[in-house]
Amino acid sequence: MFGESNLDKFGNKNIVLAIDCGTRGIRGILFDDFGNELGKSEQIFDGYYSKSFQWKEAPPEMFWNGLVDVVRELNQKDPVLFNAIQGMTVSCQRDVITVVDKKGEPLRDFISWLDRRELDEALPFGIPYALLFKMIGFSDAAKSFSRLTHANWIKVHEPELWEKADKVVLLSTYLVTKLTGQIRDSRSAIAGHLPFDTKRKQWCKKNDVKYQIIQVEPEKCYDLVDSFEIIGKLTPEASQLTGLPLGLPVVSSGTDKGCETVGVGALTPETASISLGTQSTVEISTTKYVELYPFYPSFAAVQNDAYNPEVTIYHGFWMVNWFVKEFLEPVNPDALHTLLEEYLKETTPGADGLVHQPYWGMEAFKPEARGSFIGFTEGHTKKHIYRAIVEGLGFGLREGLELIESKTKIPVQTIGLSGGGSRSDGVTQIMADIFNRPVYRVQTFETTGLGAAMATFVGLEHFESIEKAGEQMVHQSQVFTPDPANVRKYSGIYNKIYKKLYGRVKPLYQSYQ
């Protein structure tokens, strides 16, 4: 009925399940200990909604039911493979929060990281802290973070729910709770507007300044577990719903971006991880804690002793979705990739003078910024606009990489690429040319799932470390080397135009406020 099982095909009985819950949808992926992707099921989310302009929420059931459905589908596709699963993990999009009761049941829908609501005024700081912020020039940034913290918004606008709430949780915490019955999560999964000390990988101490900015009471924080530890085991209810065995170990891993970084083999500072997803990011793994901007922490890496300093372009390859929606007639999804590849082949590096700055809102340290294109002529077409979007993202990420290198004092030699944009040979070559470094892809586009699977195998003691897991499970499948002529072209645009653009137009951006 099901044909040949992938278990028979690969002849390997060491199999784990990685749940990758991103912004667009949720995937269940099966990997063996050689990094082979043995099975996958995906569900696209359709339950996001907006009660007001630029709000974005989603019911908890959308995420949980999605998890259950993709796991069940894996079972239907290949029951032999499914029954060989030895452990699982959950890796989620960051900064998606709600409040829950003592049993871990949500009291309201989740607020997405894409939600741009904010308080009219920052919550008041204690007098000593207000003076401290003023002395160090942090007052405006502190007020901005306070206004943008969704937990603070719930506290102000839904005080009855806040009083009932036992914990403030992230999406990953909710899914782990549904699987294990315990309100716990990985230290490496805490990424967002919460009072978390990233350097120590613990909740902040009671008198920490973060509690003044993000006013979540300490008792509303939950237990944390090191990476590669077993958070809990599958409950009878979760087992019955998913079909997974009762007591299956659930292993602690990290966020989607953290697992993605591990999954492309970026385990040392010499290799950068660039994600061309809904958000576009550039980051490295380093045991040295650095802050790229004052008071802005690195993220907790999947490795217990490491961090991921990261620069984010919030509307990354979302811009490609925008382009398709606004400029193209309805296109068969199977033909869209080929069409966009042709656009890159039919245009030249530099898009005939069209330069794009990819700051379309929510940039952490450029809050006033907006997206812009300069250099239009009558010869430009939608093909040039698409190329300029891709190149602008590359320039923005190069700027971020240069900032990371300046803080760590370690030059990046190679770049591992992931995310939806990495599926394009044309896009990948542009990135190699803009960065003037070899850019590679690994054997699977499901790099978040691969990194999560690596962590799971370490947690099951199949590998002694994530480095050992990487040696066996991460394989470079294709390397793109820079084209010298294109490197010269892009370097000229980047240094002479792009790097100067933000400073020149910042006053105009500010006039929109």
Discussion item. Would you say that I466 contacts V262 through its side chain, given a criterion of any heavy-atom pair below 4.5 Å between the two side chains?
Written reply: yes
Worksheet item: Does a donor on one side chain and an acceptor on the other come within less than 3.5 Å for S188 and S227?
Response: yes
Discussion item. For the CG atom of N207 and the CD atom of Q212, what is their distance to the nearest 0.5 Å?
Written reply: 9.0 Å
Discussion item. Taking the basic N atoms (NZ, or NE/NH1/NH2) and the acidic carboxylate oxygens, is any pair closer than 4.0 Å for E446 and K40?
Written reply: yes
Item to complete: Give the C-alpha distance, both sets of side-chain angles, the deciding distance and a yes or no for side chain to side chain donor-acceptor pair (under 3.5 Å) between Q429 and D425.
Response: CA-CA 6 Å; Q429 185 61 55; D425 287 356; over 6 Å; no
Worksheet entry | Salt-bridge present (R94, E310; N to O < 4.0 Å) | yes
Item to complete: Find out whether the Lys NZ or Arg CZ of R423 is both under 6.0 angstrom from the six-membered ring centre of F445 and within 45° of the ring's axis.
Response: yes
Discussion item. Under a plain distance cut-off of 3.5 Å, with no hydrogens placed, do Y222 and T173 share a side-chain donor-acceptor pair?
Written reply: yes
Worksheet item: Looking just at side-chain N and O atoms, do S418 and E260 make a donor-acceptor pair shorter than 3.5 Å?
Response: yes
Worksheet item: Any donor-acceptor pair under 3.5 Å linking the side chain of E341 with the backbone of G426?
Response: yes
Fill in: Test side chain to side chain donor-acceptor pair (under 3.5 Å) applied to H193 and N152, D95, T149, the passing residue
D95
Worksheet item: So, Q202 versus D197: side-chain donor-acceptor pair below 3.5 Å or not?
Response: no
Worksheet entry | Salt-bridge present (R108, E57; N to O < 4.0 Å) | yes
Item to complete: Please lay out, stage by stage, how T89 and V16 fare under the test side chain to side chain contact (heavy atoms under 4.5 Å, CB included).
Response: CA-CA 8 Å; T89 193; V16 296; over 6 Å; no
Discussion item. Would you compute the distance between atom CG of D208 and atom CZ of R200 and round it to the nearest 0.5 angstrom?
Written reply: 8.5 Å
Practice prompt. Applying side chain to side chain contact (heavy atoms under 4.5 Å, CB included), run through S465 and V458 and close with a yes or a no.
Written response: CA-CA 6 Å; S465 68; V458 175; 5.7 Å; no
Item to complete: Indicate the atoms forming the closest heavy-atom contact of G35 with L450, along with that distance.
Response: CA-CD1, 4.0 Å
Item to complete: Measure from the side-chain N and O atoms of K220 to the backbone N and O of V99, and report whether any donor-acceptor pair falls under 3.5 Å.
Response: no
Item to complete: Using atom types as modelled and distance alone, determine if a side-chain donor or acceptor of R437 lies under 3.5 Å from a backbone N or O of V412.
Response: yes
Discussion item. I'd like to know whether CD of E461 has more than 12 heavy-atom contacts from other residues, nucleotides or ligands below 6.0 angstrom.
Written reply: no
Discussion item. Is any side-chain heavy atom of L460 closer than 4.5 Å to one of V251?
Written reply: yes
Worksheet entry | Under 3.5 Å: donor-acceptor pair, side chain of Q86, backbone of K13 | yes
Worksheet item: Any side-chain heavy-atom pair from I389 and P358 closer than 4.5 angstrom?
Response: no
Fill in: Separation of Q76 CD from F82 CZ (nearest 0.5 Å)
10.0 Å
Worksheet item: If only atom types and distance count, is the side chain of H475 paired as donor or acceptor with the main-chain N or O of Q472 below 3.5 Å?
Response: yes
Discussion item. When you measure from the side chain of S91 to the backbone of G254, do you find a donor-acceptor pair of N or O atoms at a distance under 3.5 Å?
Written reply: yes
Worksheet entry | Donor + acceptor pair across side chains of T180, K233 (<3.5 Å) | no
Fill in: Identified side-chain contact (heavy atoms from CB on, under 4.5 Å) counterpart of M88 within the set T456, I19, L30
I19
Discussion item. With rounding to the nearest 0.5 angstrom, report the OH to NZ distance, Y289 to K201.
Written reply: 11.5 Å
Discussion item. Please check: side-chain N/O of N65 versus main-chain N/O of E61, any donor-acceptor pairing under 3.5 Å?
Written reply: yes
Discussion item. Less than 4.5 Å apart, side chain to side chain, heavy atoms only: is that true for M454 and V302?
Written reply: no
Discussion item. Between the side chains of E283 and K407, is the shortest nitrogen-to-carboxylate-oxygen separation below 4.0 Å, so that they form an ion pair?
Written reply: no
Practice prompt. Hey, could you give me the OG/CG distance between S252 and L224, rounded to the nearest 0.5 Å?
Written response: 9.0 Å
Discussion item. Determine whether Y440 and T428 satisfy the following criterion, side chain to side chain contact (heavy atoms under 4.5 Å, CB included), listing intermediate values before the conclusion.
Written reply: CA-CA 8 Å; Y440 67 86; T428 304; over 6 Å; no
Fill in: Side-chain (S239) to main-chain (P236) donor-acceptor, under 3.5 angstrom
no
Item to complete: Any chance you could lay out the side chain to side chain donor-acceptor pair (under 3.5 Å) test for W113 and T23, step after step, and finish with the verdict?
Response: CA-CA 9 Å; W113 66 270; T23 305; 2.9 Å; yes
Worksheet item: Hey, what's the ring geometry for F63 with Y48, parallel, tilted or perpendicular (30° and 60° as the breaks)?
Response: perpendicular
Worksheet item: Would a 4.5 Å heavy-atom cut-off, applied to side chains only, mark S41 and V71 as touching?
Response: no
Discussion item. Check this for me, if you would: do R24 and E42 make a salt bridge, where the nitrogen-to-carboxylate-oxygen distance has to be below 4.0 angstrom?
Written reply: yes
Fill in: Donor-acceptor pair between E391 and Y386 side chains, under 3.5 angstrom
no
Discussion item. Which residue in the set I190, V96, T255 passes side-chain contact (heavy atoms from CB on, under 4.5 Å) when paired with L170?
Written reply: I190
Item to complete: Taking the side chain as every heavy atom from C-beta outward, state whether F299 and P309 have any pair of such atoms under 4.5 Å apart.
Response: no
Worksheet item: Any sub-3.5 Å donor-acceptor pair from S285's side-chain atoms to T268's backbone N or O?
Response: no
Worksheet entry | Member of D32, N75, I15, L74 meeting the side-chain contact (heavy atoms from CB on, under 4.5 Å) criterion with L81 | I15
Item to complete: Kindly indicate, with the supporting measurements, whether the criterion side chain to side chain donor-acceptor pair (under 3.5 Å) is fulfilled by Q93 and D256.
Response: CA-CA 6 Å; Q93 54 179 305; D256 56 351; over 6 Å; no
Discussion item. Looking at Y494, I'd like to know if the NZ or CZ of R398 sits under 6.0 Å from its six-membered ring centre while staying within 45 degrees of the ring's axis.
Written reply: yes
Discussion item. Any salt bridge linking E105 with K178? Criterion: basic side-chain nitrogen under 4.0 Å from a carboxylate oxygen.
Written reply: yes
Worksheet entry | Pair D226 + R187, salt bridge at N-O below 4.0 Å | yes
Worksheet item: Below 4.5 Å, heavy atoms only, C-beta onward: do F463 and M473 meet side chain to side chain?
Response: yes
Practice prompt. Spell out, as yes or no, whether a donor-acceptor pair under 3.5 Å connects the side chain of S422 to the backbone of G419.
Written response: yes
Discussion item. Are there over 12 heavy-atom neighbours, none belonging to K56, within less than 6.0 Å of that residue's NZ?
Written reply: yes
Worksheet entry | Any side-chain heavy-atom pair of T286 and S298 under 4.5 Å | no
Worksheet entry | Chi angles and distances behind the side chain to side chain donor-acceptor pair (under 3.5 Å) call for T444, E37 | CA-CA 7 Å; T444 174; E37 182 185 319; 2.6 Å; yes
Worksheet item: Charged N to carboxylate O under 4.0 angstrom, E73 versus K77?
Response: yes
Practice prompt. Decide yes or no on side chain to side chain contact (heavy atoms under 4.5 Å, CB included) for W360 and W318, but give the supporting numbers first.
Written response: CA-CA 10 Å; W360 290 41; W318 169 90; 3.4 Å; yes
Item to complete: Hey, could you give me the CG/CD1 distance between D115 and I97, rounded to the nearest 0.5 Å?
Response: 9.5 Å
